[in-house]
Amino acid sequence: MASLSIPGVEDPDETGLSAPVCRTVTPDGDVLLLLPGDSAAARAAAHAQDDELTAVMEITDVAPVSVPHRIRGRAWVAGWLTPVPNGMRAEAALLLAERHPVGELLGLGEALQPDPAPGLAGRTAWMMLRLEVGEGAVDDLWGAESFEPDDFAAAAPDPLVAHEAELLQHLHVAHSDQVRGLCALLGDREQHCGLRDRAVPVGLDRFGLRVRFTDAEQRSFDARFDFPEPVRDVAELRRAMHQLFEAAGD
């Protein structure tokens with residue numbers, strides 16, 4: 001989930017309307033956001049017009065499985081916020097719809113409407129904004145690290161992101177013994193792995209699997225099990241998981 005904040009601008013109703021309804025990244029590395037037209041961020045961006053409006057988007061990575069302490073990490077993207085101009089809204093809407101097929105239901109149709117002429121009353125119910133990235137940072141299991149706009153633009157979506165929740169649930173239900181067996185790869189930490197039903201897969205990407213182990217005294221820790229090489233699809237993931245399970249069983 002994501003939230004948008006602008007230094008010096010507050011949401012007087014504290015309704016959280018500055019949380020983007022949907023978002024995506026352009027090929028140039030800018031972030032497209034769809035927000036309610038009456039949100040604090042949309043009002044501030046419309047008022048600023050061509051002036052640079054500094055903004056920070058905070059992204060919270062929440063595990064798609066039910067476990068205590070579900071937050072897996074956070075990221076911050078800071079830059080300059082502007083409304084998407086009339087002539088660029090159709091292209092922006094297509095990019096948003098690629099990630100959010102129900103985008104029309106989320107206000108894309110209204111956001112495509114041109115702005116009212118100066119001096120005329122009226123405000124669109126939805127607004128598309130563009131965040132030009134200036135800097136960013138990530139804080140997760142591997143530590144905190146900053147990144148540059150070029151790195152952000154060059155990053156590719158993980159090929160498993162659309163299937164992660166389903167795959168994690170499958171691993172937990174159908175392969176819980178094998179997931180618990182990965183303890184054998186942890187060396188000295190194996191004694192703290194706990195019982196079979198206390199090994200829960202909480203993260204999965206092209207690089208590996210993240211499992212949360214909880215011992216009998218309710219102490220938890222997360223362990224990362226890297227694949228031999230990054231996977232590109234579910235078929236390669238299946239082979240990589242078999243390799244992990246076989247390595248733990250040796």
Side-chain angles (χ1 to χ4, degrees), residues 1-61 74-138 147-158 161-162:
M1 58 183 179
S3 61
L4 193 66
S5 61
I6 300 171
V9 175
E10 297 182 358
D11 185 347
D13 300 323
E14 297 184 353
T15 57
L17 289 178
S18 288
V21 175
C22 59
R23 65 186 189 277
T24 192
V25 179
T26 72
D28 295 329
D30 295 336
V31 182
L32 294 176
L33 307 165
L34 180 67
L35 291 97
D38 61 352
S39 66
R43 293 196 303 267
H47 180 75
Q49 295 297 328
D50 296 329
D51 295 337
E52 291 186 347
L53 185 65
T54 302
V56 179
M57 181 173 65
E58 180 178 345
I59 302 169
T60 304
D61 179 25
R74 286 187 171 87
W76 295 266
V77 180
W80 302 274
L81 194 67
T82 56
V84 176
N86 290 338
M88 300 177 64
R89 289 182 185 174
E91 180 181 0
L94 286 175
L95 288 173
L96 284 167
E98 286 178 2
R99 178 171 178 181
H100 303 273
V102 295
E104 183 67 26
L105 300 177
L106 297 176
L108 279 179
E110 294 187 20
L112 280 168
Q113 299 301 315
D115 291 331
L120 295 180
R123 174 180 290 151
T124 58
W126 298 90
M127 180 178 286
M128 280 188 287
L129 303 179
R130 179 187 297 269
L131 179 65
E132 179 185 351
V133 178
E135 60 181 347
V138 174
F147 57 82
E148 297 296 325
D150 289 345
D151 299 326
F152 185 79
D158 192 276
V161 65

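- Looking at every heavy atom in both residues, Val133 comes nearest to Asp30 through N-OD1, 4.1 Å.
- Remark: Thr26 OG1 to Leu95 CG distance equals 7.0 Å, nearest 0.5 Å.
- Side-chain contact check for Trp80 versus Thr54: some heavy-atom pair is nearer than 4.5 Å.
- For the pair Arg23 and Leu33, the minimum side-chain heavy-atom distance is below 4.5 Å.
- Considering every non-hydrogen atom in both Ala92 and Val84, the closest pair reads CB-CG1, 4.1 Å.
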Query raised in the report: Between Glu98 and Thr24, does a side-chain contact (heavy atoms from CB on, under 4.5 Å) hold up when you go through it step by step?
Result: CA-CA 9 Å; Glu98 286 178 2; Thr24 192; over 6 Å; no

Report task. Show your reasoning for whether side-chain contact (heavy atoms from CB on, under 4.5 Å) applies to Leu81 and Leu4. Result -> CA-CA 10 Å; Leu81 194 67; Leu4 193 66; 3.8 Å; yes

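- A heavy-atom distance below 4.5 Å is not found between the side chains of Leu129 and Pro20.
- Remark: Trp76 CH2 to Ser5 OG distance equals 11.5 Å, nearest 0.5 Å.
- Partner of Leu131 under the side-chain contact (heavy atoms from CB on, under 4.5 Å) criterion, chosen from Leu53, Leu32, Val77, Val56: Val77.
- Taking CE from Met128 and CG from Leu35, the interatomic distance works out to 11.5 Å, rounded to the nearest 0.5 Å.
- Residues Met127 and Ala42 approach most closely at SD-O, 3.7 Å, considering heavy atoms.
- Closest approach of Pro149 and Gly134 over heavy atoms only: CG-O, 3.3 Å.
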